[in-house]
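Some notes on the structure that comes next.
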Amino acid sequence: MSVLQPVRGTHDLLPDEARRHRLVEEIAFDVARRYGFGEIITPIFEFTEVFSRNLGETTDVVSKEMYSFTDRSGEGLTLRPEGTAGVARAFISGGLSQHLPLKLFYRGPMFRYERPQKGRLRQFHQLGVELLGVEGSQADVEVIALAAHILEALGLKDNVRLELNSLGDAASRANYRDALVAYLSGRKDQLSKDSLERMERNPLRVLDSKDESDRQVVADAPLMQDYLNDESRRFFDEVQNGLAAAGVPVTLNSRLVRGLDYYCHTAFEFTTTALGAQGTVLAGGRYDGLIGQMGGPATPGIGWAAGIERLSMLFAGEAPVVRPLVLIPMGTADAAVGLAQRLRHAGFTVETGYSGNMKKRLARANKVNARAAIILGEEEWARQAVAVRDLDSGEQEEVPLAALEDRLSRFR
RNA sequence: GCGGGUGUAGCUCAGUUGGUUAGAGCGCCAGGUUGUGGUCCUGGAUGUCGUCGGUUCGAACCCGAUCACUCGCCCCA
């Protein structure tokens, strides 16, 4: 351990990267607002049970990836590994069932103890949405259309593919699970050791295996869609029709499974091939049972989350930087301070150098991509004027102080 | 948690079969202009060669451990 290194799997977002990160967030939130979503900010840690009881005891996230600790009063707390459970908890704590349907947007750090890789960190950032209180498939359609819209706004439309599946309701899922286990049990000798474990913990995961032999077994396995009951079947059809109407292209993937237990019906992922082993950029699904299971009023919900670092790596756009004006005092330091404040209060972005002769100060102005330099020479100052130099054209003129804001307005 | 690769200036990277003061480009600083930038010229500073230990007369180079990054598995955003 070297104290001068960031903790494994954590990263500093240095100014250039921080700007991209914030821009991605803002683009996403801007689109979400158009769909009526408002921001919710919940704590980054919760009582451990908020996650351990609701994500599923056997899931990887709960069984081996949580940053859990005991605080000074002996409470078991956990740094949030995902956003939905905390939002659901806040929904209940805050009595928000009075405000359904509810559309929430969130963003912020998440924590999972995993082996870091490209696009996979121990502290990473997600943005996501939750739509609570709508039973019908319009909610699924709107939330997925919003996701597609955000990815499009980020210029990623051609880099991602939407994969969709239905996990059915609880009854359908249980039936299917039994059928799948029965099928797999007859072929244990052909399954990888990972998949034999999956059969015990979460049989649906076997469908997702990358092992060649597993894939051959899975190719002939029973399909979820054949086990959907009428209700689930109809719901899935509605979602597909709605997405078609919204103009969102879909790839059906009957092997798409979600990692957390609370999902039902709609499950989806936007995937890319540009991030190595980390193909998922944005993923989510419906979780009708979660809030009731947590002890709140039975409330359906659907949502998704996206990894901001992953989005940021794919995002080609440049975060705009305001071009400042640079003030250059020549033996007029106090006057420069006063003028800088005057211009900042008038809404200009003003930088002042801290040392050096004019040559150095102009060179630095260049480096910060300044639009213009305002030179406070003693002679001009005596005439109540300054020299204004356009750093793009090189043109320079003397401007009376009284007219300064006016003359500078074109450099805004 | 498992397996592979990598680790030399702020950045991108050279560094011959182990041999003495470890290099380049970019960037940075200074000067060429005691009130004028972006180009150009000149000069300068870079560094526990990831860390610790071992082999050797001698290690950036060989060996071991460790840390970090990276690729894949697991899993996921």
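Within every chain, numbering begins at 1; the chains are lettered A, B, ... in the order of the sequence lines, protein sequences first and strands thereafter.
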Who pairs with [N] - Watson-Crick or G-U, where each distance is under 3.5 Å:
N: B/C62; value: B/G54
N: B/U33; value: none
N: B/U39; value: none
N: B/U21; value: none
N: B/G7; value: B/C67
N: B/C73; value: B/G1
N: B/G44; value: B/C28

Considering heavy-atom distances to RNA chain B, does A/Ala370 or A/Gly279 have its closest nucleotide positioned more toward the 5' end?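 Its nearest nucleotide lies further toward 5', so the answer is A/Ala370.
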
Closest nucleotide of RNA chain B for A/Gln117 versus for A/Gly394: which of these residues is on the 5' side? A/Gly394

Centre-to-centre under 6.0 Å for A/Tyr262 and A/Tyr287, is that the case here? yes

Distance flag, aromatic centroids of A/His149 and A/Tyr35, threshold under 6.0 Å: yes

Using atom types as modelled and distance alone, determine if a side-chain donor or acceptor of A/Arg161 lies under 3.5 Å from a backbone N or O of A/Thr271. no

Under 3.5 Å: donor-acceptor pair, side chain of A/Arg364, backbone of A/Ser355: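 Yes.
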
When all nucleic acid strands are considered with a 4.0 Å heavy-atom cut-off, which category describes [X]: base, sugar-phosphate, or nothing?
X: A/Asn366; value: base
X: A/Ala365; value: nothing
X: A/Arg364; value: nothing
X: A/Lys359; value: base
X: A/Met330; value: sugar-phosphate
X: A/Arg389; value: base
X: A/Leu121; value: base
X: A/Glu380; value: base
X: A/Asn369; value: nothing
X: A/Glu269; value: nothing
X: A/Glu65; value: sugar-phosphate
X: A/Gly9; value: sugar-phosphate
X: A/Leu282; value: sugar-phosphate
X: A/Arg8; value: sugar-phosphate

Got a donor-acceptor pair under 3.5 Å from the side chain of A/Arg120 to the base of B/C75?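 Check passes, donor-acceptor contact within cut-off.
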
Check if the side chain of A/Arg115 and the base of B/G72 share a donor-acceptor pair of N or O atoms closer than 3.5 Å.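 No, no donor-acceptor pair under 3.5 Å.
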
Side-chain N or O of [X] closer than 4.0 Å to phosphate OP1/OP2 of [N]:
X: A/Lys118; N: B/C69; value: no
X: A/Lys367; N: B/C28; value: yes
X: A/Arg198; N: B/C73; value: no

Give the minimum heavy-atom separation between A/Ala335 and A/Leu376, together with the two atoms involved. C-CD2, 4.0 Å

Which one, [options], comes nearest to the side chain of [X]?
X: A/Pro116; options: B/A77, B/C69, B/G1; value: B/C69
X: A/Arg205; options: B/C74, B/A77, B/C75; value: B/C75
X: A/Ala363; options: B/G37, B/G35, B/A77; value: B/G37

Please give, in whole Å, the distance from [N] [atom2] to [X] [atom1]?
X: A/Glu114; N: B/U70; atom1: CD; atom2: P; answer: 14 Å
X: A/Leu154; N: B/A77; atom1: CG; atom2: P; answer: 18 Å
X: A/Leu362; N: B/G37; atom1: CG; atom2: P; answer: 7 Å

Within a 6.0 Å radius of atom CZ on A/Arg187, are there more than 12 heavy atoms belonging to other residues, nucleotides or ligands?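 Check passes, neighbour count above 12.
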
Gap in Å between the two P atoms, one belonging to B/U48 and one to B/G23, rounded: 15 Å

Sticking with atom P, work out how far B/G15 lies from B/G50, rounded to a whole angstrom.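 Approximately 15 Å lies between the P atom of B/G15 and that of B/G50.
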
Determine whether the side chains of A/Ser409 and A/Arg412 contain a donor N or O and an acceptor N or O closer than 3.5 Å.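 The answer is no; no qualifying pair exists.
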
A/Asp390 bridged to A/Arg371 by N-O distance under 4.0 Å: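 A/Arg371 and A/Asp390: salt-bridged.
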
